[in-house]
Amino acid sequence: MCGIVGAIAQRNVSDILLEGLKRLEYRGYDSAGMALIDDPEKGISTIKTVGKVAKLVEAAHKRDASGKLGIAHTRWATHGRITRANAHPHGSGDRISLVHNGIIENHESLRQELAAAGYRFATQTDTEVIAHLIRQALENGASSLLEAVTSAIAKLRGAFGLCVIDRQQPDRLVVARCGMSLVIGDGIGGENFVASDPLALGQVTDRFIYLEEGDVAQLTCDSIEVWNGGRRVKREIATLSGKASEMDKGGYQHFMQKEIFEQPQAIRDTLSGRVSGDHVLEEAFGVEAGKIFDKVEQVQIVACGTSFHAGLVAKYWLESIARMPCQVDIASDYRYRDIIVQPGTLFVAVSQSGETADTLAALRYAADRKHVATLAICNVATSSLVRESDFCLLTMAGQEIGVASTKAFTTQLTLLLILAIVLGRRNGLAGKDEARLVRDMNRLPELVDRTLKLDGEIRKLSKQFSDKNHSLFLGRGIQYPVAKEGALKLKEISYIHAEAYPAGELKHGPLALVDSDMPVIVVAPNNDLLDKLRSNLSEVSARGGKLYVFADEGIGLESDRGCKVINLPGCPEVLDPILFTVPLQLLSYHAAIIKGTDIDHPRNLAKSVTVE
Ligand code: F6R
């Protein structure tokens with residue numbers, strides 16, 4: 001995922017830009033670049049390198065790069081190969097230079113129009129059309145860079161975050177946001193900044209303006225003006241505490257708690273640049289991904305622990321949305337099996353860390369065995385899994401520190417749903433159905449946010465677990481893996497023994513365990529299996545079992561003596577597994593607090609299991 005940094009100041013900004021890029025390395029990239037204006041008479045000085053930011057730093061220092069206005073970028077290739085020429089910034093003439101995150105879907109037609117009008121293209125990127133459109137607007141009479149950018153972006157379709165400089169207006173920087181996050185850093189004493197993540201600017205400011213959809217802003221040394229829909233708008237400045245970083249708890253008691261509450265933003269960041277208004281942006285998977293997806297007839301998912309549970313949920317989506325067979329295996333098992341690979345199989349490794357020994361070994365095993373390709377769904381751009389897979393899609397969860405995986409799981413699910421849609425397109429998923437799914441997905445951050453408001457209620461409920469040593473988690477269909485994930489969370493951080501069962505299996509054995517000492521936790525969404533689930537609840541109640549039901553508010557289930565109901569906001573069915581995971585995370589967290597365990601470092605466990 002690309003990263004943007006921009007700065008305007010009364011001092012040299014090149015080291016600020018380079019430091020910003022280093023801080024964005026976690027997003028994953030394959031090349032980097034920077035453009036600076038020092039003396040406008042001498043033009044824009046641009047430096048680009050393929051590979052690590054460290055190479056760009058070396059090149060910049062060698063050239064003694066300096067300027068009081070500058071933009072910088074880390075590129076993760078989507079259109080055009082990984083080359084120096086395709087790295088950002090991109091320019092038009094010797095006047096405009098810009099950096100761009102996202103995908104311009106109508107770049108082909110714009111390219112043809114601009115080429116016919118005499119604009120020459122030096123790269124294979126979708127971005128270059130934006131630079132030419134801005135110059136064209138200026139040549140056609142736009143009175144300012146702001147006006148030119150506003151007129152250029154009106155012609156774009158897709159998702160973008162932009163940062164633009166103009167040699168003839170060296171006292172300003174113009175930025176625009178549409179579908180990709182962008183923040184302005186309000187600097188101290190005559191300087192201002194912009195970046196795709198506030199993390200990039202932590203060295204220079206703690207005051208940020210989060211741009212909203214459709215915002216265009218002009219930054220000078222002394223002013224920040226934001227426009228939306230042609231009107232000047234006011235945006236609040238948020239102060240991030242001096243300590244706020246991914247490495248501190250930001251006011252929460254534990255990293256796990258912080259990470260649970262970060263999920264709305266983590267999902268938003270994961271969707272950003274991957275979906276547009278009504279469709280998935282397939283190019284986000286990489287330059288060659290479309291050709292690979294065309295060949296896929298089935299999917300093999302391999303993972304461990306929580307990531308394995310994400311794979312189990314995805315199987316339901318791949319069957320129902322992509323109409324494709326899907327097999328899901330535990331990596332430590334898969335790597336030693338004498339596997340049979342059907343023609344047209346896409347191998348997908350899911351991992352938060354990308355360093356899990358078994359998952360890596362499974363990937364290496366699969367790589368030798370005629371899969372269509374290997375895809376990593378991973379949270380760490382620099383990990384071995386990402387490096388060794390044919391292509392990857394990064395969960396943008398940010399660093400996960402708590403040993404118990406939370407935001408990595410819900411963002412993995414978000415990407416696996418996107419994968420199901422991309423494959424579904426090739427297998428009869430209608431455009432209107434894709435549009436509905438994308439609309440549903442765009443509601444996720446807000447729905448997760450509302451679900452997190454149940455925290456107080458769940459904290460009270462968790463008190464009833466203080467004297468319990470065993471528990472049973474039940475779910476039907478796609479909610480069975482969610483129940484499994486809930487049970488894993490509870491056991492690993494509270495040390496309460498927890499088992500998950502498909503609710504339909506109850507009477508085939510586990511019902512024998514049910515008595516008043518065995519809490520039974522149930523996830524009850526509003527779907528076709530609801531009536532069957534109700535029968536399973538009666539089976540538990542009839543045996544004196546105590547039920548804790550997380551239910552969709554639409555089903556009208558009410559608490560009674562043997563059954564405590566917590567209502568979740570109603571949501572589109574496809575989102576159920578993501579939404580119902582959240583209260584189970586909170587339940588485990590609060591149960592562990594009562595048990596007094598070391599929540600972020602549960603006994604005997606490590607965050608990254610790099611040994612077999
Ligand atoms: C549970 C948990 C583990 C990991 C598993 C795989 O909360 O965190 O079960 O999910 O060790 O790790 P990754 O996803 O890094 O491959």
Side-chain angles (χ1 to χ4, degrees), residues 26 254-260 262-263 266 270 301-314 328-335 347-366 374-389 392-416 473 481-496 498 500 581-582 584-589 591-592 597-612:
Y26 76 92
H254 296 96
F255 282 113
M256 180 186 180
Q257 186 190 27
K258 176 180 176 237
E259 286 157 8
I260 290 173
E262 279 172 350
Q263 287 177 111
T270 300
I301 299 178
V302 171
C304 297
T306 290
S307 302
F308 169 68
H309 296 154
L312 290 178
V313 171
V328 190
D329 282 290
I330 290 177
S332 55
D333 179 64
Y334 178 89
R335 63 183 286 194
F347 178 92
V348 183
V350 184
S351 172
Q352 187 284 129
S353 61
E355 301 296 346
T356 302
D358 283 319
T359 310
L360 265 173
L363 170 73
R364 289 169 190 153
Y365 180 60
T374 56
L375 165 66
I377 292 199
C378 188
N379 197 38
V380 182
T382 48
S383 64
S384 310
L385 198 77
V386 168
R387 277 185 276 117
E388 294 185 32
S389 300
C392 80
L393 200 58
L394 294 174
T395 46
M396 302 305 289
Q399 193 172 0
E400 192 180 64
I401 294 168
V403 164
S405 193
T406 52
K407 58 179 182 171
F409 179 68
T410 45
T411 51
Q412 284 166 353
L413 290 180
T414 307
L415 288 189
L416 286 162
F473 282 70
V482 173
K484 277 177 82 66
E485 174 57 11
L488 175 61
K489 278 306 79 109
L490 188 68
K491 76 179 99 170
E492 74 177 320
I493 59 163
S494 74
Y495 316 151
I496 297 173
T581 295
V582 175
L584 302 187
Q585 295 169 341
L586 290 170
L587 179 67
S588 309
Y589 175 73
T597 57
D598 184 353
I599 292 184
D600 284 331
H601 306 103
R603 67 185 179 204
N604 308 335
L605 299 179
K607 181 67 187 158
S608 191
V609 187
T610 52
V611 291
E612 186 175 359

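Each ligand, and each atom within it, is numbered from 1 in the order the structure gives.
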Number the atoms of ligand 1 from 1 as they appear, then name those within less than 4.0 Å of a heavy atom of [X], with their elements.
X    : value
S307 : 10 (O), 13 (P), 14 (O)
Q352 : 13 (P), 14 (O), 15 (O), 16 (O)
G305 : 9 (O), 10 (O)
A404 : 7 (O)

Any donor and acceptor pair, going by atom type alone, linking the side chain of N379 with main-chain N or O of G398 inside 3.5 Å?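 Confirmed, N379 side chain pairs with G398 backbone.
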Not counting sequence neighbours, which residues clear side chain to side chain donor-acceptor pair (under 3.5 Å) with R387? List them please.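 Checked R387 against side chain to side chain donor-acceptor pair (under 3.5 Å); zero matches.
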Is the gap between the ring centers of F409 and F308 under 6.0 Å?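 Centroid distance F409-F308: not below 6.0 Å, so no.
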With a 4.0 Å cut-off, would you call K407 and E400 a salt bridge?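 Judged by the 4.0 Å cut-off on N to carboxylate O distance, K407 and E400 do not form a salt bridge.
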Is the shortest side-chain N to carboxylate O distance from D598 to R603 below 4.0 Å?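 Answer for the salt bridge query: no.
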How long is the span from the CG atom in L587 to the CZ atom in F473, to the nearest 0.5 Å?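 One finds 6.0 Å between CG of L587 and CZ of F473.
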Please say whether E492 places an N or O atom under 3.5 Å from an N or O atom belonging to ligand 1.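 Indeed, backbone or side chain, E492 has an N or O that close.
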Does an N or O from Q412, backbone or side chain, lie closer than 3.5 Å to an N or O of ligand 1?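 Between Q412 and ligand 1 (N or O atoms, distance only) the closest approach is not under 3.5 Å.
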Does ligand 1 have any atom that is closer than 4.0 Å to a heavy atom of K489?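 K489: in contact with ligand 1 (<4.0 Å).
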Could you tell me whether ligand 1 has any atom less than 4.0 Å away from a heavy atom of V403?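 Yes, that is the case, since the closest heavy atom of the residue is under 4.0 Å from the ligand.
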Region of T356 that comes within reach of ligand 1 [heavy atoms, distance under 4.0 Å]: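 T356 to ligand 1: side-chain contact only, backbone stays beyond 4.0 Å.
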Please name the residue in the list I496, I260, I493 that meets the side chain to side chain contact (heavy atoms under 4.5 Å, CB included) test with S588.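 Among the candidates, only I493 passes.
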